[in-house]
There are 2 protein chains.
Amino acid sequence: MIRMSKETDYGIILLAHFAGDQERLTHSARALAAETYLPLPMVSKILKILAREGFLVSYRGVKGGYSLARSPERVPIAEIITAMEGPVAMTECVEAPGECRHEPVCQLRSKWQKINEVVLLALGSITLSDLIGPLPDQLAPFGGKPENLVRLQ
Amino acid sequence: MIRMSKETDYGIILLAHFAGDQERLTHSARALAAETYLPLPMVSKILKILAREGFLVSYRGVKGGYSLARSPERVPIAEIITAMEGPVAMTECVEAPGECRHEPVCQLRSKWQKINEVVLLALGSITLSDLIGPLPDQLAPFGGKPENLVRLQ
DNA sequence: ATGAAATGGTACCGGATCAGTCCTATATCA
DNA sequence: TGATATAGGACTGATCCGGTACCATTTCAT
């Protein structure tokens, strides 16, 4: 179904929460779990990953916690997804060239690479700050000209 | 990793094969398996799905086989993906509104819907006929203006 | 008629992945 | 020194996925 893992989903929810409440200096895992209604062990696990990957800065000890490492508008969600579940690759051959045994006879790899770029570009244009605005949202993708969207060949 | 299932991957390979060789009236599962180097039982299974979903027309009996139900340029790959693995939905809440227990407090659902539309639009603009052209490919997504790509809010 | 060759449908299985938990070590503050 | 926080793993149960197997039905050729 072309779906992200729950971990990534939760990770983005957590980061959006950081972006939406920048008044507090740090957020602890416990507080975040309570505010997002996500299970604490899961939240804790994900925060560690996000800190390791450079999205959050961590502070240990009592009164410790996490805070955003960058301002929300400088965090493309494509980057979050890539950090949490590896490179966005619709097919195996895009991620690991040479490993697909059909590659010598399959003509599609270069096509998938282009398609992948399009998806990545779409995701790369959305940042954390886009996720915290008020409703309703209006989408104007590609200047409203889907016919000019992609041109392979 | 935001990846399609192998079934979908193989399905698109098979459909591209149909599109690339329209001289023969029908292709049998056995022949397709040999030509694409995919395992026959898998090919057979996938062809049944593609026929049931309306991408292929099937003919039973000796000398039977499958043929494309529509011309390649009228088959968006987004439709193939959707048919084979359900609606493209980056998050659970996009596919099944109301089922996510965080929905009442989560502000992100409408955002994900927009993001999803963008991905779908990107995939929807590519058809089977785009997959059989000669190399090299040149991609010009969104008229080369990624800054105009998506506007949430 | 009958057998070969094709699709239709479904059940089944082993392995991999995923969501989630738990435990221990380390750091910091009061 | 104890409470509270993160760091970094190991671990598990359930689900999903890739792949196979089986049997029924249809069609063509002899």
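Lettering follows sequence order; numbering is per chain, from 1.
Where DNA chain C meets chain B (any atom under 4.0 Å from a heavy atom), the bounding nucleotides read 5' to 3' are C:dA4 to C:dG9.
Between the B:Q22 side chain and the B:A19 main chain, a donor and an acceptor come within less than 3.5 Å of each other. Of the possible donor and acceptor atoms, one in the side chain of B:R109 sits under 3.5 Å from a partner among the backbone N and O of B:C93. Within the 3.5 Å criterion, the main-chain N or O of A:H17 finds no donor-acceptor partner in the side chain of A:H27. A distance-only check finds no donor-acceptor pair linking the side chain of B:N116 to the backbone of B:V94 [under 3.5 Å]. Between the side chain of A:D130 and the backbone N or O of A:T127 there is at least one donor-acceptor pair closer than 3.5 Å. Listed for the B:T8 side chain is no donor-acceptor partner under 3.5 Å among the backbone atoms of B:M4. Panel note: side chain B:T36, backbone B:L32; a donor-acceptor pair is recorded below 3.5 Å.
Rounded to 10 degrees, the angle separating the terminal helix axes of the helix from C:dA1-D:dT30 to C:dA30-D:dT1, each built from five base pairs, is 10°.
Note on A:Y66: a side-chain N or O is less than 4.0 Å away from OP1 or OP2 of D:dA7.
Between A:E85 and A:K6 there is no salt bridge, since none of the side-chain N atoms of the basic residue sits less than 4.0 Å from a carboxylate O of the acidic one.
At a threshold of 4.5 Å between non-hydrogen side-chain atoms, the residues A:E7 and A:I49 count as touching.
A heavy atom closer than 4.0 Å to some atom of DNA chain D occurs in A:S28, A:A29, A:R30, these being the qualifying members of residues 22-35 of chain A. A heavy atom closer than 4.0 Å to some atom of DNA chain C occurs in A:P39, A:P41, A:M42, A:K45, these being the qualifying members of residues 37-53 of chain A.
Contact record, B:L14 with B:I46: CD1-CG2, 4.0 Å, taken as the closest heavy-atom pair. Nearest heavy atom pair, residue A:F55 against residue A:E79, reads CZ-O, 3.6 Å. The two residues B:A51 and B:S58 have their closest heavy-atom pair at CB-CB, 4.4 Å. Heavy atoms only, all atoms of each residue included: B:E92 and A:R3 are closest at CA-NH1, 3.6 Å. Taking all atoms of both residues into account, the shortest heavy-atom contact from A:A69 to A:G54 is CB-O, 3.4 Å.
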- Task: For each nucleotide in nucleotides 25-30 of chain D, reading 5' to 3', give B when a protein heavy atom comes within less than 4.0 Å of its base, S when such contact involves only the sugar-phosphate, and - otherwise.
- Result: BBBBS-
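If you measure from atom CD of A:E92 to atom C1' of D:dG18, you get 12 Å, rounded to the nearest angstrom. Per the geometry, OH belonging to B:Y10 stands 14 Å off P belonging to D:dC17, to the nearest Å.
Cluster partners of B:Y59, by chain and number: B:V57. The rule joins Ile, Leu, Val, Met, Phe, Trp and Tyr whenever side-chain heavy atoms lie under 4.5 Å apart.
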